[in-house]
2 protein chains.
Amino acid sequence: MNSGPGTLDRRQRRRQETIAEVVDVAAEIMAEQGVVGLSVGEVARRMGIRPPSLYVYFPSKHALYDALFARGAQEVLDHVRSDDVDLTEGQTLDEVLLHVAETFVGWSIEHPAFTALLFWRPVPGFAPSAEAYAPAVALIELTRARFADLRDRGLVRADAELDDVQRDWTVLLSGVISQQLSNAPGESLAEGRFTSALPTLVAMFARHYGAATPMSTRLSLPSKENRRVRTR
Amino acid sequence: MNSGPGTLDRRQRRRQETIAEVVDVAAEIMAEQGVVGLSVGEVARRMGIRPPSLYVYFPSKHALYDALFARGAQEVLDHVRSDDVDLTEGQTLDEVLLHVAETFVGWSIEHPAFTALLFWRPVPGFAPSAEAYAPAVALIELTRARFADLRDRGLVRADAELDDVQRDWTVLLSGVISQQLSNAPGESLAEGRFTSALPTLVAMFARHYGAATPMSTRLSLPSKENRRVRTR
DNA sequence: GTCTATATGACGATAGAC
DNA sequence: GTCTATCGTCATATAGAC
């Protein structure tokens with residue numbers, strides 16, 4: 001009785017809502033206690049249920065981490081995607097890249113626990129499943145497509161290897177994020193000791209890989225006002 | 001009876017040896033299981049004693065992490081110090097910095113667990129004591145002194161702020177290490193997907209902060225042979 | 001001083017009643 | 001689906017033998 005498709009749909013929907021709530025609460029705990037500080041018991045406690053009940057939705061703690069990985073990767077992908085790279089206003093490579101860098105670094109600084117889970121892998125024995133990793137792959141491809149576009153438009157030099165460009169770009173960003181989060185976790189994007197290095201570092205990068213147009217190859221050291229962090 | 005200074009010294013020495021052995025075994029476990037995978041019980045098991053006996057030497061697991069932090073910081077400091085920065089042969093800034101970078105990155109790649117403990121802080125609630133952190137401070141000061149020296153010798157431009165130079169330098173190195181360890185942990189310094197970016201990145205850095213002498217300001221993109229990783 | 005023996009409470013996880 | 005009961009393991013702590 002009561003096993004028609006409508007009922008199944010409602011049950012499935014309810015189940016998905018519960019799963020989403022579990023991930024919400026888990027993310028909250030992770031943000032407070034760190035990635036490894038997450039505990040199944042604490043999730044149950046905050047949801048007002050008993051720990052074994054969680055195993056109906058997640059077969060193990062690693063499965064919960066997997067869902068958190070998927071959530072984080074999807075969120076950072078959406079965040080980066082939501083930011084249109086607008087080249088119509090004749091911006092320099094430097095300006096475009098600084099904007100992109102701050103979008104990504106900004107999200108990471110504001111979500112240190114997700115960043116640690118996604119990029120530092122601190123949980124022994126845990127590796128994300130292919131499904132959970134998929135948005136991360138999409139982010140890599142988006143970045144690559146943007147650099148390809150910048151090269152097509154003549155802002156990145158034509159003889160630059162896209163693999164190298166992307167590799168060096170991710171090294172730069174992960175360096176800033178890594179230093180900022182481990183040495184001065186509380187600081188904002190605008191005032192961070194290491195995030196404030198972005199303008200200089202992006203300038204170095206743009207000078208190296210940028211096409212030799214007059215605007216993008218100024219040889220002066222960045223002065224104080226050039227180091228200002230863009231707010232939008 | 002038998003409580004003279006000689007006896008005390010022997011006991012103290014024995015105690016220090018035991019403490020050193022505990023740290024050895026703990027470091028071994030950390031290298032196998034990751035920083036958070038370390039357990040006091042496993043240390044005791046491998047030493048052939050019972051867990052409570054360890055508390056004679058370390059009052060808590062955090063204290064053991066503190067000793068591990070001190071050990072790692074001291075080792076990386078010694079490793080970097082052992083490498084004389086030799087400027088007598090008229091090397092370019094690029095060459096000097098690449099050598100220094102590879103020394104540091106090389107140690108980090110070969111000691112991923114120590115690197116995680118020292119630079120990523122994955123243990124919830126653990127922060128190193130001032131004593132344990134002291135060698136890390138010494139390393140920072142050593143790096144700064146070397147850049148000061150390079151500036152005095154005219155290899156780094158005179159108008160460069162040492163704080164900025166050092167900040168950008170640590171961002172570069174931590175970016176390479178972070179990417180290499182989290183995305184391709186097994187690879188060597190010479191063959192790593194990200195460690196092989198060092199020559200290019202160091203060239204970018206040297207071009208930015210180097211004094212404008214002919215040798216250090218070549219404007220060509222690094223070719224394949226320039227990307228080779230030095231073996232010594 | 002150093003050890004063994006033992007206890008506590010939290011954790012991840014499972015079995016089975018309802 | 002949720003519960004109670006339970007298991008094994010963990011970090012931690014204390015008591016007491018030698």
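Chain identifiers are assigned alphabetically (A, B, ...) following the order of the sequence lines, protein sequences preceding nucleic acid strands; residue numbering begins at 1 within each chain.
- In this entry the distance linking NE2 of A:His62 with C1' of C:dA13 reads 13 Å, nearest Å.
- Nearest nucleotide to the A:Arg50 side chain, out of D:dT12, D:dT4, C:dC11: D:dT4.
- Contact annotation for A:Val56: base contact, defined as any heavy-atom pair under 4.0 Å involving a base atom.
- Remark: C1' of C:dC11 and OH of A:Tyr65 are 12 Å apart, rounded to the nearest angstrom.
- Side-chain atoms of A:Pro52 lie closest to D:dT4 of the nucleotides C:dA5, C:dT2, D:dT4.
- The separation between B:Arg15 atom CZ and C:dG1 atom P is 8 Å, rounded to whole Å.
- Crowding of B:Arg50 atom CZ: a count of heavy atoms from other residues, nucleotides or ligands under 6.0 Å not exceeding 12.
- Using a 4.5 Å heavy-atom cutoff, the side chains of A:Val80 and A:Arg146 are in contact.
- B:Arg144 has no carboxylate O lying under 4.0 Å from a charged side-chain N of B:Glu141, or vice versa, which leaves the two without a salt bridge.
- Checked against C:dT4, D:dC3, D:dT12, the side chain of A:Ser53 finds its nearest nucleotide in D:dC3.
- In this structure, the OH atom of A:Tyr57 is 18 Å from the P atom of C:dG12, given to the nearest Å.
- For B:Ser60, whose side chain is taken as the heavy atoms from C-beta onward, the closest listed nucleotide among C:dT2, C:dT14, D:dT12 is D:dT12.
- The distance from atom CG of A:Leu38 to atom C1' of C:dA10 is 14 Å, rounded to the nearest whole Å.
- Taking 4.0 angstrom as the limit, A:Ser39 places none of its side-chain polar atoms (N or O) nearer than this to OP1 or OP2 of C:dA10.
- Across C:dA13, D:dC10, D:dT2, the shortest atom-to-atom separation from the side chain of A:Lys61 is found for C:dA13.
- As rounded to whole Å, 12 Å separates atom P of D:dT9 from atom CD of B:Glu42.
- Rounded to whole angstrom, the span from the OH atom of A:Tyr55 across to the P atom of C:dC11 amounts to 11 Å.
- Closest contact between the side chain of A:Ile49 and the listed nucleotides D:dA13, D:dC3, C:dC11 involves D:dC3.
- Looking at A:Glu75 and A:Trp107, their side chains come closer than 4.5 Å, going by heavy atoms from C-beta outward.
- Considering OG1 of B:Thr200 and CZ of B:Phe205, their distance stands at 15.0 Å, rounded to 0.5 Å.
- Following rounding to the nearest Å, B:Arg14 (CZ) and C:dT2 (C1') show an atom-to-atom distance of 10 Å.
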